[in-house]
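Here's the structure, in structure tokens; my notes come after.
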2 protein chains.
Amino acid sequence: MSDHGLRDKKKVATRQALAEAAFQLAVEHGVDGFVVEDIGVKAGYSRRTFANYFTCKEDAIANSLSLNDYMEPGDQFSFSLKDHTPLSTIEVFIRRSFTINKLKRLKGLISLSREHPTLRLYVTGALMEMQDFAARGIADAYGSDYPEEYYPILMGAVFGAVLPVIDGSFDVNLPEDEENEAGNEFNQYMDIVFAHLRKGFK
Amino acid sequence: MSDHGLRDKKKVATRQALAEAAFQLAVEHGVDGFVVEDIGVKAGYSRRTFANYFTCKEDAIANSLSLNDYMEPGDQFSFSLKDHTPLSTIEVFIRRSFTINKLKRLKGLISLSREHPTLRLYVTGALMEMQDFAARGIADAYGSDYPEEYYPILMGAVFGAVLPVIDGSFDVNLPEDEENEAGNEFNQYMDIVFAHLRKGFK
DNA sequence: CACAAAAATGCACAAAGGGCAATTTTTCCC
DNA sequence: GGGAAAAATTGCCCTTTGTGCATTTTTGTG
């Protein structure tokens, strides 16, 4: 049998090394202040290898946010099977996913995106992938307990409402200490978001 | 005084001509089946001029959807000042914006995007611009009648819930006759979407 | 350890992106 | 209407990308 576990792990590592190098170079020299070659040098790979993992610089920079590494669909949503509704399941998923470190990286990406429309596209694209991931997980978990069209609408509404954070129109202040996950401003904003989503709009 | 009206109109026309040419070429030969030069030839401009209007092919193709041309923020949301809530205002805006012709173009873009992640990014980007446009209009129209954070959340939720259509996971069947705007499947889907948004999620 | 599969690399070439300067077109103002 | 100013279009040029293909190197298996 083929257990390519180790090989796959190395591929992920390569991908992350390249993305991380790309992000750091972008912070240091601006998104347009370096070339793909530089990423390769910094990460210890060739230009050609970079092209095997990413389509362009922006792709690599944005995906340094790897929001969905370490996530396994089954794991992430197993808690949802009892005592939870789809909405509260997503709520837990979102709050768990945006750790302080992720939010810090996100802030960096947002400020880079501010004057760089193309990068902005790739950053929102990364979020969309996270949304797809969550949508699949939720749909698997709840099956036919809700009308067919419920999940895509719910998922869209939730992630749409989170977008202002990603997009930078809502500016999240982050605490210095990594430990204080629960009380950060992102979670306060989520309180408001989910309250609105539960109550409905007018 | 500087009345650049005619000049601006010509710029818009040029932009649209290039975008339209790009879209048609994409339909005929596939997104990767032609080069920027071809777009210029088809639209009657040079490669260099194309670069003045768009960053790449995908940018041009996606923006052939020009959802927000002919829109003036003031005009579009003037009806909102009486008898409407923010949500119902957006609802009218959305239903008005997605005419049969726009939806047809959107379907074309979706099928092109299906196997082309980069184009997909640019198409959702075009929708985001529409969202920004609507967000500004709505915020102007309602000012301080609602809590400060209300509009971005509402706007995000609405456009997020519309995204499945854009994204192609909801497939809209369109009537042959252009006249039948009200009863098309898109509007039926919107009925469900806005019902959920009003009622709230659980 | 040797063999097969897969990843990284090198090479080459068509194409993209964009600065700069020249040219053409549009607008402004008398 | 005509000439000056502003803006749009274009050509030129050169660096950077993207990618197919062949080759080398690394990894996993028996």
Side-chain angles (χ1 to χ4, degrees), chain A residues 1-22 25-26 28-63 112 115-122 125, chain B residues 1-23 25-26 28-63 115-122 125:
Chain A
M1 190 208 288
S2 60
D3 172 24
H4 294 140
L6 204 154
R7 183 168 287 180
D8 289 348
K9 222 171 288 181
K10 239 201 120 186
K11 279 191 76 167
V12 172
T14 305
R15 196 179 153 81
Q16 284 182 335
L18 288 166
E20 193 59 33
L25 286 169
E28 285 178 50
H29 306 105
V31 179
D32 294 325
F34 63 103
V35 294
V36 173
E37 176 87 43
D38 300 330
I39 304 175
V41 171
K42 180 149 192 159
Y45 293 93
S46 71
R47 184 172 81 88
R48 189 63 188 75
T49 298
F50 175 89
N52 289 337
Y53 286 89
F54 299 101
T55 64
C56 58
K57 278 191 296 183
E58 291 84 356
D59 190 19
I61 298 170
N63 280 289
L112 286 173
E115 298 293 329
H116 204 291
T118 305
L119 177 58
R120 166 178 296 250
L121 281 188
Y122 280 88
Chain B
M1 189 209 293
S2 61
D3 174 24
H4 295 138
L6 203 153
R7 181 170 289 179
D8 289 348
K9 220 169 289 181
K10 240 200 120 187
K11 279 191 77 167
V12 172
T14 304
R15 195 179 155 81
Q16 285 183 335
L18 287 167
E20 192 60 33
F23 175 76
L25 286 169
E28 285 178 48
H29 306 104
V31 179
D32 295 325
F34 63 102
V35 294
V36 173
E37 176 88 43
D38 299 332
I39 304 176
V41 171
K42 179 150 193 161
Y45 292 93
S46 72
R47 184 172 79 88
R48 189 65 187 76
T49 297
F50 175 88
N52 291 336
Y53 285 89
F54 298 101
T55 64
C56 60
K57 278 191 295 184
E58 291 85 355
D59 190 20
I61 298 171
N63 280 289
E115 297 294 328
H116 204 291
T118 305
L119 177 59
R120 167 179 296 251
L121 281 187
Y122 280 89

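Order of the sequence lines sets the chain letters (A, B, ...), proteins ahead of strands, with each chain counted from 1. Fair warning: this is a prediction, and the values are worked out from it, not measured in the lab.
- Here the P atom of nucleotide dT26(D) and the CG atom of N52(A) are 16 Å apart, to the nearest Å.
- Among the atoms of the strands shown, none is found under 4.0 Å from any heavy atom of F34(B).
- Here the nucleotide nearest the side chain of C56(A), chosen from dG18(D), dA8(C), dA8(D), is dG18(D).
- Note that CD of E20(B) and CG of L25(B) are 10.5 Å apart. Values are rounded to the nearest 0.5 Å.
- A close approach under 4.0 Å does occur between a side-chain nitrogen or oxygen of K10(A) and OP1 or OP2 of dT27(D).
- Within the 4.0 angstrom heavy-atom criterion, only backbone atoms of the sugar-phosphate kind lie near Y53(A); the bases stay farther away.
- Put simply, the side chain of E115(A) does not reach to within 4.5 Å of the side chain of V31(A), judged on heavy atoms.
- As rounded to whole Å, 11 Å separates atom P of dA16(C) from atom CD1 of I61(B).
- A straight line from CZ of F50(B) to C1' of dA8(D) spans 17 Å, rounded to a whole angstrom.
- Following rounding to the nearest Å, H116(B) (NE2) and dG18(D) (P) show an atom-to-atom distance of 12 Å.
- One atom, CD of E58(A), and another, P of dG17(C), lie 10 Å apart when rounded to the nearest Å.
- A straight line from CG of L18(B) to C1' of dT9(D) spans 11 Å, rounded to a whole angstrom.
- Residue K11(B) has a polar side-chain atom (N or O) positioned under 4.0 Å from OP1 or OP2 of dA8(D).
- Along DNA chain D, the nucleotide closest to T14(B) and the one closest to R47(B) are compared, and the more 5′ of them pairs with T14(B).
- Side-chain to base pairing of R48(B) with dG19(C): one donor and one acceptor N or O lie within less than 3.5 Å of each other.
- When rounded to the nearest whole Å, the span between CG of D38(B) and P of dA14(C) equals 15 Å.
- Set against dT27(D), dA8(D), dT9(C), the side chain of Y45(A) has dT9(C) as its closest nucleotide.
- Side chain of D38(A) to backbone of V35(A): a donor-acceptor contact under 3.5 angstrom is found.
- A donor-acceptor pair is defined here as one N or O able to donate and one able to accept, closer than 3.5 Å; such a pair exists between the side chain of K57(B) and the backbone of F34(B).
- A straight line from CG of D32(B) to C1' of dT19(D) spans 11 Å, rounded to a whole angstrom.
- Looking at the side chain of T49(A), the nearest of the listed nucleotides dT19(D), dA8(D), dT9(C) is dT9(C).
- Y122(A) is listed as a side-chain neighbour of T118(B), based on a closest heavy-atom distance under 4.5 Å.
- For K57(A), whose side chain is taken as the heavy atoms from C-beta onward, the closest listed nucleotide among dA16(C), dT17(D), dT10(D) is dT17(D).
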